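See below for the structure under consideration.
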Amino acid sequence: MKKISRIEKLFTNQQKACIAYLTAGDGGIQHTLDAAMALIDGGANLLEIGIPFSDPVADGPVIQRASQRAISAGTTLKDVLWLVKEIRQVSDIPLVLFSYLNPILAGSQSDFFSEAKNAGVDGLLLVDCPIEESTFIRDACMTNQMDLIYVIAPSTPMSRIQYINEHGKGFLYYACRKGTTGVRDGLPDGFQEKLASIKAILNLPIVVGFGISNNEMAKEVCKIADGVVVGSLFVKALEDGLPLVSLSKLAQHIFAMNLNSD
Amino acid sequence: MMNTIGRYDEFGGTYVAEILMQPINELRAAWNEAKSDEAFTKALFDILKNYAGRPTALTEVPYFSAKIKGPRIYLKREDLLHTGAHKLNNALGQCLLAKRMGKTRVIAETGAGQHGVATAAACARLGLTCIVYMGSKDMKRQAPNVSRMQLMGATVIPVENGSATLKDAVNQALRDWSESYSDTHYCLGSALGPHPFPEMVAEFQSVIGRECREQCQQQFGAMPNIVIACVGGGSNAIGIFSEFLSDHHIQLIGVEAGGTGKELGQHAARFYTATPGVLHGCYTYVLQNSEGQIAETASISAGLDYPAVGPQHAQLYKNKRVEYVAVADDEALAALQLLARTEGIICALESAHALAYLVKIANQLPKNFSVVVNLSGRGDKDLPQIMARENV
């Protein structure tokens, strides 16, 4: 019988997915490990680990700067897998690598996919690889029992969402606004209606990200969605030198829906 | 990699964030419709002839040739096109398409500033709002072009990230487009990026090659033996090469920026290592390190200073139809000076790379050979930089 994956397990629970994003190697890989543990302590039940890339065209200034710092610190794909292994030692939450395609292509010259699996990676999300171009990655993920996570966007037509839903694995990531990643004050106009109409045609779980930066937004999102992604806010907090104890508290505050709602 | 649409063998494809897939699908549909619509092709022909000044001349340069003991040398004079480079062929085509799609705002990236100036002109002429992203390093070294864009009503936005050159300007333009696609067209300046840009830009630039073939026939009653063009993204090169690709006896040579040395970071010669990767929407040869991080590039020529090459050039390299070489900064500068003194033509530093390679091989070529060099642009924009170097 097929073993239930960590991602599947998370979404079959009644809890919402509280997803925290970190750029690996920002402040050094050890610092990312410490920050990851702080976020898990603060209630993150899935981590998205960003592989830094020199030209992150889908990211706003906060994650651009973090990527630059991580690259300057010499972060490699090997370091990222070390980070995953270290987290795995102490935590069983799903871990998803979040990357642009080129570093993965460079890594796929060697045994990246099997090494990622062995390190404890559960899924891979490629920002600049739409479903049409993803066959070879999807096959490699499948072979190694990892989920290739697809993004849907406000511009994605319903028919295409349906298609992505049929071919996706694990969950779908709804990048809920135009433009790039970054901290925002509120949800876009018509968000609830749009999300509800998307949710109605899916069988995969859906999580929402892009600009989610406080508990009100997170709760609003999770009225309909299966989870929420918070990225730039945490990355910015680390950039500003927020102590890890406070980072934990920040996560606790934003992710407070699982404690309150049931 | 796979065989999806927009491929040149394994190269090309559409590697963009999901948010841009629908805008790109709409662009592809509009382009496919426009290119077979007589009204569109006629409007483009008219504006190229009566506004841009096509056809451009094919000029024989005997005094330049005598100095380098060369064969018969002809220059395809894209430097004479309105705004001073071949870029206007594409900018007018895309801006006409943007209008047809109902877009009111056009964004562009620019390196040397020639594509920015061309887009600014096309937008002024066609009544579109124009925003140009330009690396702050390039704004400094191509200052005259910044003023020209501004004079024509464009907003030039400096890009400080990364190496503050063309690559970073493309990043910023893509970020803008992922937010603004509803009313905005991204007028990409070279034959690269996600499908349909490489195909569309090549098509708009193919007018260079078509004219050139006809002019060769008129002026010396034969086809050239060799055609040489500089290759940044590769739009002027594909524009002139495309007409001759199926004439296998015609030698085609693309010249990249050799910069100051062979180490990664000292040049923009993608074919030195020919490492495939994905940057800015397509799978092609990309200068990068072993971790897949895109490398910094260096060249005296802002227009060639870019880490990826158009996917069709990647194919033409792999199947050996085109030979790709590189020349150093100093060689390009020397060729520019020689042409200026012998023929009274000041070409762009980009185009000077193509000339410089011809200078290197000229005395080995049979005297009865005819060689066409695509003189992709004029050099006024480069004056501050040229005058700043010694030995002028």
Side-chain angles (χ1 to χ4, degrees), chain A residues 51-61 64-65 67-68 70-71 74-80 99-110 126-137 139 150-157 160-161 164 172-175 177-181 210, chain B residues 1-7 10 12-26 160-163 167-182 184 193-195 275-284 286-296 307-308:
Chain A
I51 296 173
F53 182 51
S54 51
D55 295 86
V57 291
D59 283 299
Q64 286 175 42
R65 289 196 298 269
S67 301
Q68 209 44 61
I71 292 167
T75 310
T76 63
L77 216 45
K78 237 195 174 93
D79 294 331
V80 176
S99 185
Y100 289 82
L101 181 54
N102 206 52
I104 301 300
L105 281 183
S108 67
Q109 302 304 313
S110 55
L126 295 173
V127 182
D128 57 349
C129 189
I131 190 161
E132 290 85 347
E133 303 286 5
S134 69
T135 309
F136 123 83
I137 302 279
D139 291 350
Y150 291 110
V151 176
I152 58 175
S155 59
T156 313
R160 186 176 164 84
I161 292 177
I164 294 172
L172 292 183
Y173 182 128
Y174 180 40
R177 67 182 82 232
K178 296 174 176 181
T180 53
T181 56
F210 266 47
Chain B
M1 304 301 282
M2 355 189 281
N3 205 2
T4 54
I5 54 167
R7 293 277 168 173
E10 72 260 48
T14 313
Y15 296 93
V16 296
E18 177 61 25
I19 187 83
L20 284 175
M21 282 307 286
Q22 182 63 10
I24 278 178
N25 285 337
E26 282 168 13
E160 311 281 354
N161 318 24
S163 52
K167 169 183 81 111
D168 312 289
V170 177
N171 288 346
Q172 220 44 41
L174 282 168
R175 290 183 186 119
D176 180 314
W177 202 33
S178 66
E179 181 133 19
S180 64
Y181 55 82
S182 311
T184 297
H195 179 65
T275 315
V278 167
L279 179 68
H280 295 152
C282 70
Y283 180 68
T284 183
V286 180
L287 287 168
Q288 56 187 306
N289 69 15
S290 59
E291 288 289 319
Q293 304 298 344
I294 308 306
E296 301 287 299

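It should be emphasised that the depicted structure is a prediction, and the values quoted were computed from it without experimental measurement.
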Worksheet item: Between B:Ser182 and A:Lys178, do the side chains contain an N or O donor and an N or O acceptor separated by less than 3.5 Å?
Response: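 Present: a donor and an acceptor within the cut-off.
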
Discussion item. Please identify, among B:Leu20, B:Thr14, B:Asn289, B:Asn25, the residue contributing the most non-hydrogen atom pairs under 4.5 Å to chain A.
Written reply: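 Top count of heavy-atom pairs under 4.5 Å with chain A: B:Thr14.
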
Under 4.5 Å from any heavy atom of chain B - which part of [X]:
| X | result |
| --- | --- |
| A:Arg65 | neither |
| A:Ile137 | neither |
| A:Pro61 | neither |

Worksheet entry | Residue selection (most heavy-atom pairs with chain B, distance under 4.5 Å) from A:Gly60, A:Pro154, A:Pro157 |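 Top count of heavy-atom pairs under 4.5 Å with chain B: A:Pro157.
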
Worksheet item: Counting heavy-atom pairs under 4.5 Å to chain B, which of A:Gly107, A:Pro52, A:Ala175, A:Ala58 comes out on top?
Response: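 Most heavy-atom pairs under 4.5 Å with chain B: A:Pro52.
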
Item to complete: May I have the step-by-step check of side chain to side chain contact (heavy atoms under 4.5 Å, CB included) for B:Glu18 and A:Tyr173, ending in yes or no?
Response: CA-CA 11 Å; B:Glu18 177 61 25; A:Tyr173 182 128; over 6 Å; no

Worksheet item: Taking NZ, NE, NH1 and NH2 as the nitrogens, is one of them in A:Glu133 or B:Arg7 under 4.0 Å from a carboxylate oxygen of the other?
Response: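 B:Arg7 and A:Glu133: salt-bridged.
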
Fill in: Over all atoms of both residues, closest heavy-atom pair of B:Val16 and A:Pro130
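Closest approach of B:Val16 to A:Pro130, heavy atoms only: O-CD, 3.4 Å.
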
Are the side chain of [X] and the backbone of [Y] linked by a donor-acceptor contact shorter than 3.5 Å?
| X | Y | value |
| --- | --- | --- |
| B:Glu291 | A:Leu77 | yes |
| A:Ser54 | B:Gln293 | no |
| B:Arg175 | A:Gly179 | no |
| A:Asn102 | B:Gly292 | yes |

Item to complete: Can you measure from CD1 (B:Ile294) to OH (A:Tyr100) and round to the nearest 0.5 angstrom?
Response: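 Result: 12.0 Å between the selected atoms.
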
Worksheet item: In Å, rounded to the nearest 0.5 Å, how long is the span from CE of B:Met21 to CD of A:Glu132?
Response: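 One finds 4.0 Å between CE of B:Met21 and CD of A:Glu132.
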
Worksheet item: Does A:Gln64 reach the side chain of B:Asn161, with side-chain heavy atoms less than 4.5 Å apart?
Response: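 Result yes, sub-4.5 Å side-chain heavy-atom pair found.
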
Discussion item. With side chain to side chain contact (heavy atoms under 4.5 Å, CB included) as the test, pick out the partner of B:Leu279 among A:Asp128, A:Val57, A:Leu101, A:Asp55.
Written reply: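 Passing option: A:Asp55.
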
